[in-house]
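A quick write-up on the structure given underneath.
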Amino acid sequence: MSSVPVTTWSLEQTSPADLLPAAAPEGDDVRIVRAEVPSPEFSRFLYASVGGDIRWTDRLSWPYAAWQEYLTRPGVETWVAYDRGTPAGYVELEAQDEGVVEIVYFGLIPAFRGRRIGGHLLSYGTARAWDLAERWPGRAPTKRVWLHTCSKDGAFAMANYQRRGFTLFDTKVEPEPEVAAPGPWPGAYPV
């Protein structure tokens, strides 16, 4: 199997004041709601639907039990953007030690990209990372929010993160196996 160089950028905010929120999309009925009931089926749907065309593959092989175990961990949250009742994208947060929260996954289903939903969802999700401890008694207040993006992600991902106030703190280039975009289901994308 051939490999390709993949650049991974790690970005962070170290204060809630770093967040530069995007405006909500005008004219759309976009709502963002926390998925409070852990659902492996729904989370896998979001993961495969958002990441299918940009080669998110690391969780595709997870069995149901692995999804359930991950989703029920204290401090793991999934926030879903809906456009007129249809899931449009999501942001997944994971509380870590010492007041750190990672934005583990963020993105939009392809049909909803380019409609100004992404900046709004990222802003909302980042704000929820900053106030995560308020929803999880016993967790330390958030001191840092971080994420990583890579050269396989959407063309506008890095610019969106930077416009929301994230700053770069690390860059790595590593070879990864070249894999085809799996799509949300076999045959979902024309060849």
Side-chain angles (χ1 to χ4, degrees), residues 1-23 25 32 43 46-62 70 73 75-81 88-110 112-132 142-184 189:
M1 178 179 284
S2 63
S3 65
V4 294
V6 175
T7 303
T8 301
W9 299 279
S10 297
L11 299 100
E12 67 182 350
Q13 292 183 1
T14 56
S15 166
D18 292 342
L19 176 58
L20 304 171
I32 302 171
S43 289
L46 291 168
Y47 176 85
S49 298
V50 168
D53 68 325
I54 51 177
R55 295 174 176 80
W56 288 2
T57 58
D58 55 318
R59 289 187 179 180
L60 291 177
S61 62
W62 278 17
Y70 176 76
R73 289 178 44 205
V76 171
E77 296 183 347
T78 302
W79 292 85
V80 184
Y90 78 113
V91 60
E92 182 181 283
L93 307 176
E94 179 185 29
Q96 299 172 341
D97 292 337
E98 299 178 21
V100 174
V101 177
E102 180 181 1
I103 296 176
V104 182
Y105 285 99
F106 159 75
L108 298 174
I109 293 171
F112 295 92
R113 295 178 190 155
R115 296 175 43 200
R116 307 191 68 78
I117 298 171
H120 176 55
L121 175 59
L122 179 59
S123 298
Y124 194 91
T126 303
R128 298 300 65 79
W130 281 112
D131 63 22
L132 186 138
T142 303
K143 298 176 188 167
R144 177 175 174 253
V145 177
W146 78 283
L147 58 86
H148 66 272
T149 188
C150 74
S151 52
K152 298 186 300 184
D153 284 342
F156 303 107
M158 180 67 121
N160 190 14
Y161 295 130
Q162 291 174 320
R163 282 193 308 272
R164 302 293 74 80
F166 284 91
T167 57
L168 185 67
F169 72 88
D170 191 37
T171 303
K172 293 180 183 171
V173 179
E174 297 177 326
E176 289 189 9
E178 188 168 19
V179 297
Y189 301 122

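Quick caveat: nothing in here was measured; it's all calculated off a predicted structure. Residue numbers run from 1 in the order of the sequence given.
Atom CZ of Arg163 sits in a crowded spot, with more than 12 heavy atoms from other residues, nucleotides or ligands closer than 6.0 Å. Counted within 6.0 Å of CZ on Phe156, heavy atoms from surrounding residues, nucleotides or ligands total 12 or fewer; the atom is thus considered open.
No side-chain heavy atom of Lys152 sits less than 4.5 Å from a side-chain heavy atom of Val4. Counting heavy atoms from C-beta outward, Tyr161 and Thr149 have side chains that approach closer than 4.5 Å. Looking only at side-chain heavy atoms (C-beta outward), Cys150 and Asp153 come within less than 4.5 Å of each other.
If you take CZ on Arg113 and CG on Leu108, they are separated by 7.0 Å, rounding to the nearest 0.5 Å. Taking CD of Glu102 as the start and OG of Ser10 as the end, the distance is 8.5 Å to the nearest 0.5 Å. With rounding to the nearest 0.5 Å, the separation of CG in Leu11 from NE2 in His148 is 10.5 Å. Rounding to the nearest 0.5 Å places CG of Asp18 at 6.5 Å from OG1 of Thr167. To the nearest 0.5 Å, atoms OH (Tyr90) and OG1 (Thr78) are separated by 7.5 Å. Atom CG in Leu122 sits 10.5 Å away from atom CG in Leu20 (nearest 0.5 Å).
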Step-by-step side-chain contact (heavy atoms from CB on, under 4.5 Å) determination, Trp146 to Asp170: CA-CA 11 Å; Trp146 78 283; Asp170 191 37; over 6 Å; no
Leu19 and Gln13: CA distance, side-chain angles, deciding distance, side-chain contact (heavy atoms from CB on, under 4.5 Å) verdict: CA-CA 7 Å; Leu19 176 58; Gln13 292 183 1; 3.8 Å; yes
Steps toward side-chain contact (heavy atoms from CB on, under 4.5 Å) verdict (Gln162, Trp9): CA-CA 11 Å; Gln162 291 174 320; Trp9 299 279; over 6 Å; no
Derivation of the side-chain contact (heavy atoms from CB on, under 4.5 Å) call for Ile103 and Phe166: CA-CA 12 Å; Ile103 296 176; Phe166 284 91; 3.9 Å; yes
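Heavy atoms only, all atoms of each residue included: Ala81 and Ile117 are closest at CB-CG2, 4.3 Å. Residues Leu93 and Ala129 share a closest heavy-atom pair of CD1-N, 3.7 Å. The minimum heavy-atom distance between Gly119 and Arg164, with the atom names listed, is O-CD, 3.6 Å. When all heavy atoms of Ser49 and Ile109 are compared, the pair lying nearest together is CB-CG1, 3.9 Å. Of all heavy-atom pairs spanning Leu121 and Gly107, the tightest one is CD2-O, 4.1 Å. Closest approach of Val50 and Gly89 over heavy atoms only: CG2-CA, 4.3 Å.
Across Leu132, Val76, Val100, a single residue satisfies side-chain contact (heavy atoms from CB on, under 4.5 Å) together with Glu94, and that is Val76.
Ion pairing between a basic and an acidic side chain is recognised when a charged N comes within 4.0 Å of a carboxylate O; Arg55 and Glu176 show no such pairing. A salt bridge is absent between Arg144 and Glu98: the closest approach of a Lys/Arg side-chain nitrogen to an acidic carboxylate oxygen does not fall below 4.0 angstrom.
The backbone N or O of Ala157 sits nowhere less than 3.5 Å from a side-chain atom of Asn160 that would complete a donor-acceptor pair. Under the 3.5 Å distance criterion, the side-chain polar atoms of Ser2 are left unmatched by any main-chain donor or acceptor of Glu178.
Taking the six-membered ring where the residue is Trp, Tyr47 and Tyr105 present perpendicular rings, their angle passing 60° and hence far from 30°.
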